[in-house]
Amino acid sequence: MYKKKTHGLLKHIDFVIIDVISAELAFLLAFLLRQGGSAPDLLGGLFSSNGVIDFNKSIFKIFFILILFLCIADDIFMHSHKNIIKRDFLKELKSSFNLSFAIFIEMLVIMFMLKVSASFSRLVLFYFLLISSVLLTLFRTCYKQVIRVIITKDNYHQRHMLVLSTRGDVEEILERFGKRQPDIEVTGIITMNADAPEDDINGVKIVAKGLDGIVEYCKSHWVDEIYVSSAVVHESNDLEQLFKSCNVMGITTHWSLNLPEEMNSDVAIESLAGHVVITESIRIIDPMLLFVKRVLDILGSLVGLFFCGIFTVFIAIPGVLINDPGPLFYKQKRVGKNGRVFNLYKFRSMYMDADKRKAELMDQNEMQGAMFKMKNDPRIIGSGPDGSKHGYGWFIRKFSIDEFPQFLNVFLGQMSLVGTRPPTVDEWKEYEAHHRVRLAVRPGITGVWQTSGRNEISDFEEIVRLDLSYINNFTIGNDFRIIGRTVSQIFKGGGGE
């Protein structure tokens, strides 16, 4: 029987508990630091109303309980424990701060929603942010050291593995297992060369030379698993009987596929039409995360469409009628996820002949690469012949009001609140192969490059790099941060020019 590695919350439930303890302790210390008193007084007031510090009846008790749920939820959605055992100190510090900052922002929002800011010291929250970042980093680092010590010293529960490989590959395999799998001890080597002169390789005993002696060795020795290198799989036609024998004996076998070690992608085993296949993708997302993202898209689109209706009546209709009578909305073919073409909707901010005039202005394109951008664009309604006049079109673009009809695209599932901006069909035709990675996700109303100074970025390659970063580091928490920065930019008038 083989225990498969788990994923998600259960895989790192111990670290989730560590994070909850760290966050709760940080909140109590922040409370003491701000309100004064001693730890015994606080504990007395935490569990009853008889303590010197009546923590039990105060609003702080509610937030003490909320932190439990916020910490668990943020750990899940932010993937706080991905590769945690391998992370160095600086990466751990960054991860801990991100978790603390997320809880900090959420508590601020809840505080204002509940209208308790008058009875809640905001200085406690700032103390919490600093203390929790330190405690999370400290507790995680110490616990990781404990885990490493336990794994390396617990000989009984270590997995004993035999390595079946060619002479040329075995040393590299032993080095990898030594560095990356402390819970596995390679206790023997099986070489395909029956005439191999040595009895051990790097201190590991050769227990069999060729396939014939493997079964006899396994019958009388501690063997949990056998690792079969890809070189053996390709060179030998006699492995079927070995696998059958291992199955009969209850020994787990691992068949190496020799995929590149450094892959900028995720890999999964799947079944397609009855065939077992290796699925490789730039990012493989948990279906639950995609479900949550879609639910948030629907809820966000409904809110956006409500404001879209208000802007239609009070801004778009009078603005178009006064400046350039014609259609209120602008519909354009855009390219979505993996090449799907859809109609993107905007409030019309350009004159009716804007698409025709684009060809005349291509020599003034300020963007390097497969995208058109012009700061003083004369096609914008009310811009004047040289594009320098700031009229109606400039106003709705500056405050991103022209983008609000796209919430209909989000509601229909053609776009997402956060993603990569969808290119036009003409821009798509100019794409090089590595540019297409932008289409690996559902396009968004906003994204990383829009909130990273989009009006200053003039190199399309930089946009591709930022979009790739978003795809590789996607979490629900990151989406919320991008939405927050987008809202901030809208109020500051930092929209497209």
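What you are looking at is a predicted structure, and each value in this text was computed from that prediction instead of being measured.
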Looking at [Y] and [X], is any side-chain nitrogen of the basic one under 4.0 Å from a carboxylate oxygen of the acidic one?
{"X": "Glu92", "Y": "Lys144", "result": "yes"}
{"X": "Glu185", "Y": "Arg159", "result": "no"}
{"X": "Asp402", "Y": "Arg348", "result": "no"}
{"X": "Glu427", "Y": "Arg438", "result": "no"}

Evaluate the side-chain proximity of [Y] to [X]: yes if any heavy-atom separation is below 4.5 Å, no if none is.
{"X": "Phe399", "Y": "Phe491", "value": "no"}
{"X": "Val320", "Y": "Tyr392", "value": "yes"}
{"X": "Gln414", "Y": "Asn343", "value": "no"}

*Check for a donor-acceptor pair, side chain of Ser95 on one end and backbone N or O of Lys91 on the other, with a separation under 3.5 Å.*
no
For [Y] together with [X], are the ring centres under 6.0 Å from each other?
{"X": "Tyr345", "Y": "Phe329", "value": "no"}
{"X": "Phe404", "Y": "Phe347", "value": "no"}
{"X": "Tyr127", "Y": "Phe31", "value": "no"}

*Does Ser22 have any side-chain hydrogen bond (donor to acceptor under 3.5 Å, both in side chains) partners at least two apart in sequence or in another chain, and if so, which?*
none
*Among residues two or more places apart or on two chains, list those pairs meeting side-chain hydrogen bond (donor to acceptor under 3.5 Å, both in side chains) that have a residue in residues 291-306.*
Lys293-Ser416, Lys293-Tyr470, Lys293-Asp479, Asp297-Ser416
*After noting the C-alpha distance and the side-chain angles of Glu461 and His435, does the key distance pass the side-chain hydrogen bond (donor to acceptor under 3.5 Å, both in side chains) rule?*
CA-CA 8 Å; Glu461 295 296 337; His435 296 158; 2.8 Å; yes
In chain order, what residues pass the salt bridge (charged side-chain N to carboxylate O under 4.0 Å, His left out) check against [X], with sequence neighbours excluded?
{"X": "Lys337", "value": "none"}
{"X": "Asp74", "value": "none"}
{"X": "Glu175", "value": "Lys179"}

_Side-chain donor-acceptor pair present, Gln332, Tyr330, cut-off under 3.5 Å_ = yes
*Which residues pass the side-chain contact (heavy atoms from CB on, under 4.5 Å) test with Ile317, sequence neighbours left out?*
Thr312, Leu321, Leu328
